[in-house]
Amino acid sequence: MRTRTSLALAAAVTALTLSAAGPASAADGTVLTTGGAGGTAVAAGDVLSASLAGGTNATLYSSSTGTSGVSCSSSAFVAEVVDNPAAPGTATESVTSHTFASASCTSNVTGVLGVTGITVNNLPYTTAVTSGGALTITPADGSTIQTTVVLRTLLGSITCVYRAPSLSGTADNADNSISFTNQQFTKFSGSSLCFSNGYFTAKYAPVTDTTQAGPAVFVN
């Protein structure tokens, strides 16, 4: 009896350990699920969305260690699930919208009075999410990831265009988030007030399946 009890206890501990693990812990099911890790499969065609995690800002700074640039407290993305294979594997999504509320954006660049707008160009982008939680965003063939920033300055309005070949992020089941840290953009065009490099950092959470009335999305 004691042996059976010990075996049952060991099995329960193992199950709890697996359920508490991060991405790639589920051996069965699909890469993207709702209701928990290894839960209900997210269907192809479902729309996922997320806003900035509470209390965080999306920033585009002039260096990876600096604090000079543009900061926004309101941003969101929308993506459609294209393929959600069995785990372990790689799910794909199409990012159809990525917005920044200009009224929430500020700049501390010398000579800049404010932010008129930030526009993400060349959508849609393709997002690949692996069972390990790695996330990669790429543009269509022959295109580039591009962001246009319009700033108000003492000398009038200026437009800064930044480009990147791809972006890398991380999905985390602890808060159903995706995070980007110091993703480098290079200035494609703009005046001397436009910094030559832009480093993008943001955390979006929770990612939810809006097609299914908003349950949080997990990566397996």
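Owing to the predicted nature of the structure, the values given are computational and were not obtained by experimental measurement.
Put simply, V112 and V115 are part of the same group of oily side chains (I, L, V, M, F, W, Y) that touch within less than 4.5 Å, one to the next. Under the 4.5 Å side-chain heavy-atom criterion for grouping Ile, Leu, Val, Met, Phe, Trp and Tyr, Y199 is not connected to I145 through any hydrophobic cluster. Follow the hydrophobic side-chain contacts under 4.5 Å out from L52 and you never reach Y61; the two are in separate clusters. Cluster annotation: L167 is connected to V129 through the hydrophobic network of ILVMFWY side chains, with a link wherever side-chain heavy atoms come within less than 4.5 Å. Linking ILVMFWY side-chain heavy atoms closer than 4.5 Å, directly or via other members, places V217 and V31 in a single hydrophobic cluster.
For the pair T208 and S49, the minimum side-chain heavy-atom distance is below 4.5 Å. Side-chain atoms of Q212 and T40, non-hydrogen and from C-beta on, never get closer than 4.5 Å to each other. In this structure the side chain of V42 reaches within 4.5 angstrom of the side chain of L48, judged on heavy atoms. Using a 4.5 Å cut-off on side-chain heavy atoms (C-beta onward), L154 and L113 make contact. In this structure, the side chains of I137 and F180 come closer than 4.5 Å at one or more pairs of heavy atoms. Side-chain contact between D172 and S179 is absent, with no heavy atoms from C-beta onward closer than 4.5 Å.
Listed by chain and residue number, D175 satisfy the side-chain hydrogen bond (donor to acceptor under 3.5 Å, both in side chains) test with S177 (two or more places apart in sequence, or in another chain). Under the rule for a side-chain hydrogen bond (donor to acceptor under 3.5 Å, both in side chains), the partners of T33 that lie at least two apart in sequence or sit in another chain are N220.
The aromatic rings of F185 and F200 sit perpendicular to each other, their planes meeting at more than 60°, with 30° as the lower class boundary.
Identified under the salt bridge (Lys or Arg N to Asp or Glu O under 4.0 Å) test for residues 31-51, with sequence neighbours left out: none. Note on residues 118-127: no pairs pass salt bridge (Lys or Arg N to Asp or Glu O under 4.0 Å), not counting sequence neighbours.
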Side chains of residues 68-81: which donor-acceptor partners sit under 3.5 Å, not counting sequence neighbours?
unit_1 : atom_1 : unit_2 : atom_2 : d
S71    : OG     : N57    : ND2    : 3.0
S75    : OG     : T99    : O      : 2.8
S75    : OG     : Y204   : OH     : 2.8

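L32 contributes atom CG, which lies 10.0 Å from atom OG1 of T34 (distance to the nearest 0.5 angstrom). Atom OG of residue S62 and atom NZ of residue K187 lie 12.0 Å apart, to the nearest 0.5 angstrom.
Scanning all heavy atoms of the two residues, the minimum distance from S157 to V150 falls at OG-CG1, 3.3 Å. Contact record, P85 with A91: CD-CA, 3.8 Å, taken as the closest heavy-atom pair. The two residues A50 and A205 make their nearest non-hydrogen contact at CB-N, 4.3 Å. Taking every heavy atom of both residues into account, N121 and T148 meet most closely at OD1-OG1, 2.7 Å. Nearest heavy atoms, H98 versus V120: O-CG2, 3.3 Å. A128 and T90 make their closest contact through CB-CG2, 3.8 Å (heavy atoms, listed as atom of the first residue, atom of the second, distance).
In the hydrophobic clustering (ILVMFWY side chains linked at under 4.5 Å, chained through shared members), V161 is joined by F188.
Judged purely by atom type and a 3.5 angstrom limit, T153 uses its side chain to pair as donor or acceptor with the backbone of L155. Between the side chain of D83 and the backbone N or O of T92, no donor-acceptor pair lies under 3.5 Å. In this structure, Q183 contributes its side chain and S168 its backbone to a donor-acceptor pair below 3.5 Å. Under a 3.5 Å cut-off, the side chain of N84 and the backbone N or O of T30 do not form any donor-acceptor pair.
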What's the verdict on side-chain contact (heavy atoms from CB on, under 4.5 Å) for L123 and T96, showing C-alpha distance, side-chain angles and the deciding distance? CA-CA 6 Å; L123 293 168; T96 57; over 6 Å; no
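With ring centers used as reference points, Y162 lies under 6.0 Å from F195.
Residue L151 is tested with T159, I158, T116 for a side-chain contact (heavy atoms from CB on, under 4.5 Å); the sole match is I158.
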